[in-house]
Amino acid sequence: MSKRPISGLDEHQKAFVKLIEANARRHRKHEVFRDFCEMAAISLSNAVDLAQAEKREARYMNLIGRYERSEVDRFPQMLGHIVQSLEGGLHDCLGQLFMALELGDHWKGQYFTPYEVAYLMAELGCADVAALVEEHGYFTANEPACGAGAMVIALADCVRTKGLNYQRCLHVTAQDLDETAVHMSYIQLTLLHVPAVVIHGNSLWPKDTDAQWYTAAHVLGGWRGRLAIRRAATHAPGSGETPNVQLPVLERDAPAEPSGKRRPTRARFVDARQTTLFE
């Protein structure tokens, strides 16, 4: 059977597909994609979340041990193409790849919302964010079924079109039951420098043991302290609450990340533009 042509992908996404297929000669395609997402998420997390780094590093070594040297070398190339694709503009790069690779059947028939639809929904929900930011300094959003992060990316895109820097005025708590979806969302939100906590768990029945992934923007932006101040102010008698934009979602305060001894300082901040991570 001949392969179906993959349309609608940029050159870096097409290169990513070829690398996935090259590693799928000895492995199932959906397993290669799943392992890439988890290993990439671990690599990004371990740069900022020292408290969970040792456990996650052990998991990384277990995953990478399944592959031969030539296959191992393709994984960083895959991540590089994701970075380059996102550098071209905000979009749901991994969600689009997931659908293009026809992986939905391997994850409970999942279907990721097209980015254009996500953008329309986000635009309808963030009409007054400029006023909220002017009054409160920032706002929060909660996404209880984040998938690959399309709705959150679209919200950040809408905020940016309003002349606001989403990297400083938006914080997101995103959650999903599917572990691979959590990793996909975490990778994209980290690379786009969205302050966020991505949680693997049931939004309707949250547990303290749910795995939590903190983006670099969350850690570097000092959001642990900012959110703690918000919680204290919210529970004070007669105090106002920093507004939360619904996607629509369930309200849940973002948990604070474990404290670390070191803080990476490689991201460059410029007042008039977004953080440049890819130079």
Side-chain angles (χ1 to χ4, degrees), residues 30-45 49 52 55-56 59 63 82 86 90-115 117-119 121-122 125 140-157 166 170-218 223 227 244-257:
H30 74 275
E31 292 175 341
V32 176
F33 184 85
R34 176 200 64 198
D35 290 347
F36 161 75
C37 290
E38 185 169 3
M39 289 190 291
I42 290 172
S43 297
L44 295 169
S45 171
D49 189 351
Q52 301 188 81
K55 179 180 179 181
R56 288 178 175 169
R59 172 62 178 166
L63 290 170
I82 298 301
L86 291 173
L90 275 71
H91 66 290
D92 184 12
C93 176
L94 285 172
Q96 191 177 13
L97 284 167
F98 182 96
M99 300 307 300
L101 288 165
E102 299 180 324
L103 299 177
D105 289 342
H106 296 288
W107 277 287
K108 313 173 188 67
Q110 286 175 324
Y111 179 84
F112 291 124
T113 305
Y115 186 71
V117 176
Y119 186 87
M121 295 172 66
T140 63
N142 292 274
E143 168 61 291
C146 63
M151 282 297 303
V152 177
I153 297 170
L155 176 61
D157 202 354
Y166 67 81
L170 166 66
H171 188 277
V172 175
T173 300
Q175 191 159 348
D176 204 282
L177 272 171
D178 185 88
E179 189 172 27
T180 298
V182 168
H183 295 149
M184 293 166 69
S185 183
Y186 178 76
I187 292 167
Q188 299 198 115
L189 298 186
T190 295
L191 293 178
L192 293 171
H193 211 64
V194 177
V197 180
V198 187
I199 302 170
H200 177 219
N202 188 343
S203 299
L204 299 176
W205 196 262
K207 300 177 181 178
D208 292 337
T209 55
D210 290 342
Q212 298 168 1
W213 297 76
Y214 307 96
T215 66
H218 171 87
W223 283 96
L227 294 171
N244 180 79
V245 172
Q246 301 292 331
L247 293 181
V249 296
L250 297 176
E251 170 65 26
R252 183 182 180 189
D253 280 334
E257 83 281 2

Say you draw a straight line from [atom1] of [X] to [atom2] of [Y]; how long is it, rounded to the nearest 0.5 Å?
{"X": "Leu103", "Y": "His30", "atom1": "CG", "atom2": "NE2", "answer": "8.5 Å"}
{"X": "Met184", "Y": "Glu38", "atom1": "CE", "atom2": "CD", "answer": "13.5 Å"}
{"X": "Ser45", "Y": "Ile187", "atom1": "OG", "atom2": "CD1", "answer": "11.0 Å"}
{"X": "Glu31", "Y": "Leu63", "atom1": "CD", "atom2": "CG", "answer": "11.0 Å"}
{"X": "Gln188", "Y": "His183", "atom1": "CD", "atom2": "NE2", "answer": "13.5 Å"}
{"X": "Ile153", "Y": "Leu192", "atom1": "CD1", "atom2": "CG", "answer": "5.5 Å"}

Q. Under the ring pair (Phe, Tyr, Trp, His ring centres under 6.0 Å) test, which residues partner Phe112, sequence neighbours left out?
A. Phe98

Q | Check: Asp157/Tyr115 side-chain N/O donor and acceptor closer than 3.5 Å | A | yes

Between [Y] and [X], is there a side-chain heavy-atom distance shorter than 4.5 Å?
{"X": "Leu177", "Y": "Val182", "answer": "no"}
{"X": "Val117", "Y": "Pro114", "answer": "yes"}
{"X": "Tyr166", "Y": "Leu90", "answer": "yes"}
{"X": "Thr140", "Y": "Val172", "answer": "no"}

Does [X] use its side chain to pair, donor to acceptor, with the backbone of [Y] at less than 3.5 Å?
{"X": "Thr215", "Y": "Thr190", "answer": "no"}
{"X": "Asp35", "Y": "Val32", "answer": "no"}
{"X": "Tyr214", "Y": "Ala196", "answer": "no"}
{"X": "Ser185", "Y": "Ala181", "answer": "no"}

Closest contact, heavy atoms only, [X] versus [Y]:
{"X": "Asp210", "Y": "Pro206", "answer": "OD2-CA, 3.7 Å"}
{"X": "Leu94", "Y": "Phe36", "answer": "CD2-CE2, 4.3 Å"}
{"X": "Ala122", "Y": "Met151", "answer": "N-CE, 4.1 Å"}
{"X": "Gln52", "Y": "Gln212", "answer": "NE2-O, 3.1 Å"}
{"X": "Ala217", "Y": "Pro195", "answer": "CB-N, 3.5 Å"}
{"X": "Cys146", "Y": "Asp176", "answer": "N-OD2, 3.4 Å"}

Q: For Arg59 and Ile42, run side-chain contact (heavy atoms from CB on, under 4.5 Å): C-alpha distance rounded to whole Å, both residues' side-chain angles, the deciding distance at 0.1 Å, then the answer.
A: CA-CA 9 Å; Arg59 172 62 178 166; Ile42 290 172; 3.9 Å; yes

Q) Given Glu143 and Thr173, is the side-chain contact (heavy atoms from CB on, under 4.5 Å) satisfied, shown in steps? A) CA-CA 6 Å; Glu143 168 61 291; Thr173 300; over 6 Å; no

Q: Might you work through the side-chain contact (heavy atoms from CB on, under 4.5 Å) test for His218 and Trp213, ending with a clear yes or no?
A: CA-CA 10 Å; His218 171 87; Trp213 297 76; over 6 Å; no

Q: Starting from the C-alpha separation in whole Å, work towards a yes-or-no answer on side-chain contact (heavy atoms from CB on, under 4.5 Å) for Leu97 and Ile82.
A: CA-CA 10 Å; Leu97 284 167; Ile82 298 301; 3.6 Å; yes

